[in-house]
Amino acid sequence: MRRIVHKLRESLPVECVPLSQEQRIPQLAVAVDCSGSVDDAALSLFCEELSSILAAYETELVVIFHDSRVQAVQTFRRQDLPLHLVPVRGGGTDFRPVGRWLDDNGLRPACLLWFTDLECSSFPDEPACPLLWAVWGQGGEQPPFGELLRLPAGA
């Protein structure tokens, strides 16, 4: 499980992702879709990918759990490994509340990672920072902006 770490190195600006582990990645925001269409296997995979980021780099992950609204926010650092995500499971999906939450709370992350199945067409405004969509399975629409990484179901 290091797909996210490799994709970050490949696709995002070097100031976001240093090449050596001795360097620190600035704060990362991570949106986790916990709507009804995202199952426990997907959430487990998301957790493994987040753990791989913290194992590879010294950074702070601000994890924003959402369905049609922001349900909870947790902050993780390397010393929190192993991670145990406990999202509030919910109904439909709307990506826009995450963008509003970032703005309302003054967060200016170096990068935004979005774990989702993309079963939604309510996209937020394009963020000022680079965005990587980490998508479970093959469903959903093509996002209007950002880089896309498909995470295979059952991986």
Side-chain angles (χ1 to χ4, degrees), residues 1-35 38-90 93-118 120 122-136 143-151 155:
M1 294 296 124
R2 292 180 58 110
R3 293 187 259 310
I4 299 298
V5 171
H6 291 295
K7 187 65 175 178
L8 285 170
R9 286 180 180 154
E10 291 172 6
S11 63
L12 298 178
V14 70
E15 63 269 15
C16 292
V17 183
L19 297 176
S20 74
Q21 292 185 12
E22 289 74 38
Q23 294 177 308
R24 178 175 165 73
I25 297 178
Q27 182 184 61
L28 299 176
V30 181
V32 177
D33 177 354
C34 56
S35 64
V38 177
D39 64 18
D40 288 340
L43 289 172
S44 176
L45 178 63
F46 297 166
C47 185
E48 289 175 26
E49 292 289 351
L50 289 176
S51 294
S52 74
I53 294 168
L54 289 175
Y57 297 108
E58 185 64 38
T59 190
E60 177 181 79
L61 301 178
V62 177
V63 181
I64 306 157
F65 298 101
H66 76 95
D67 49 21
S68 59
R69 63 187 181 94
V70 172
Q71 295 286 356
V73 178
Q74 291 181 290
T75 301
F76 296 105
R77 292 175 186 81
R78 184 177 282 169
Q79 61 265 27
D80 297 317
L81 289 172
L83 296 184
H84 300 286
L85 301 182
V86 185
V88 175
R89 302 300 299 270
T93 309
D94 188 340
F95 297 133
R96 296 171 296 183
V98 172
R100 284 192 297 272
W101 187 93
L102 290 170
D103 289 343
D104 291 349
N105 288 279
L107 244 63
R108 301 289 179 255
C111 304
L112 173 59
L113 305 177
W114 213 307
F115 289 100
T116 180
D117 61 2
L118 275 180
C120 179
S122 299
F123 290 94
D125 293 334
E126 185 170 2
C129 64
L131 170 59
L132 175 60
W133 298 94
V135 179
W136 167 259
F145 47 79
E147 293 284 326
L148 180 71
L149 172 63
R150 293 268 179 197
L151 301 172

Peer 1: Does Val135 offer a backbone N or O that forms a donor-acceptor pair with the side chain of Arg150 under 3.5 Å?
Peer 2: no

Peer 1: Check whether more than 12 heavy atoms from other residues, nucleotides or ligands sit under 6.0 Å from atom CG of Asp125, and answer yes or no.
Peer 2: no

Peer 1: Under 4.5 Å between any side-chain heavy atoms of Arg69 and Asp67, yes or no?
Peer 2: yes

Peer 1: Can you list the steps and then say if His66 with Val32 is a side chain to side chain contact (heavy atoms under 4.5 Å, CB included)?
Peer 2: CA-CA 6 Å; His66 76 95; Val32 177; 5.8 Å; no

Peer 1: Is the shortest heavy-atom distance from the side chain of Leu151 to the side chain of Phe46 under 4.5 Å?
Peer 2: yes

Peer 1: What pair of heavy atoms forms the shortest contact from Ala31 to Leu112, and how long is it?
Peer 2: N-CD1, 4.2 Å

Peer 1: Tell me, with the steps shown, if Val98 and Arg96 meet side chain to side chain contact (heavy atoms under 4.5 Å, CB included).
Peer 2: CA-CA 5 Å; Val98 172; Arg96 296 171 296 183; over 6 Å; no

Peer 1: Nearest 0.5 angstrom please: Cys111 SG to Leu132 CG, how far?
Peer 2: 8.5 Å

Peer 1: Hey, could you give me the CD/CD distance between Glu58 and Gln79, rounded to the nearest 0.5 Å?
Peer 2: 6.5 Å

Peer 1: Do Pro124 and Phe145 touch side chain to side chain, with heavy atoms closer than 4.5 Å?
Peer 2: yes

Peer 1: Okay, side chain of Asp103, backbone of Arg100: is any donor-acceptor separation there less than 3.5 Å?
Peer 2: no

Peer 1: Nearest 0.5 angstrom please: Asp80 CG to Arg78 CZ, how far?
Peer 2: 11.5 Å

Peer 1: Evaluate Val30 against Ile53 for side chain to side chain contact (heavy atoms under 4.5 Å, CB included), listing each step before the verdict.
Peer 2: CA-CA 11 Å; Val30 181; Ile53 294 168; 5.7 Å; no

Peer 1: Is the shortest side-chain heavy-atom distance between Leu83 and Leu81 below 4.5 Å?
Peer 2: yes

Peer 1: Where the side chain of Ser44 meets the backbone of Asp40, is there a donor-acceptor pair that is under 3.5 Å apart?
Peer 2: no

Peer 1: For Pro26, does its backbone N or O pair with a side-chain atom of Thr59 as donor and acceptor, under 3.5 Å?
Peer 2: yes

Peer 1: Measuring from Tyr57:OH to Ser52:OG, what's the distance to the nearest 0.5 Å?
Peer 2: 10.0 Å

Peer 1: Using the benzene-type ring in the case of Trp, are the ring centres of Phe123 and Trp114 under 6.0 Å apart?
Peer 2: no

Peer 1: Does any part of the side chain of Leu54, heavy atoms only, come nearer than 4.5 Å to the side chain of Phe76, both counted from C-beta?
Peer 2: yes

Peer 1: Can you tell me how far the CD atom of Gln71 sits from the CD1 atom of Ile64, to the nearest 0.5 Å?
Peer 2: 13.0 Å

Peer 1: Has the side chain of Asn105 got a donor or acceptor atom that lies under 3.5 Å from a matching backbone atom of Leu107?
Peer 2: no

Peer 1: In sequence, state the C-alpha distance, the side-chain angles, and the governing distance for Leu118 and Phe95, and then conclude on side chain to side chain contact (heavy atoms under 4.5 Å, CB included).
Peer 2: CA-CA 9 Å; Leu118 275 180; Phe95 297 133; 4.2 Å; yes

Peer 1: So do the side chains of Asp33 and Trp136 get within less than 4.5 Å of each other, counting heavy atoms only?
Peer 2: no

Peer 1: Quick check: closest heavy atoms across Cys129 and Pro109, and the distance to 0.1 Å?
Peer 2: CB-O, 3.4 Å

Peer 1: What is the minimum heavy-atom distance between Asp94 and Pro97, and which atoms define it?
Peer 2: O-CD, 3.3 Å

Peer 1: What I'd like to find out is whether the side chain of Trp101 reaches to under 4.5 Å of the side chain of Val62, using heavy atoms alone.
Peer 2: yes

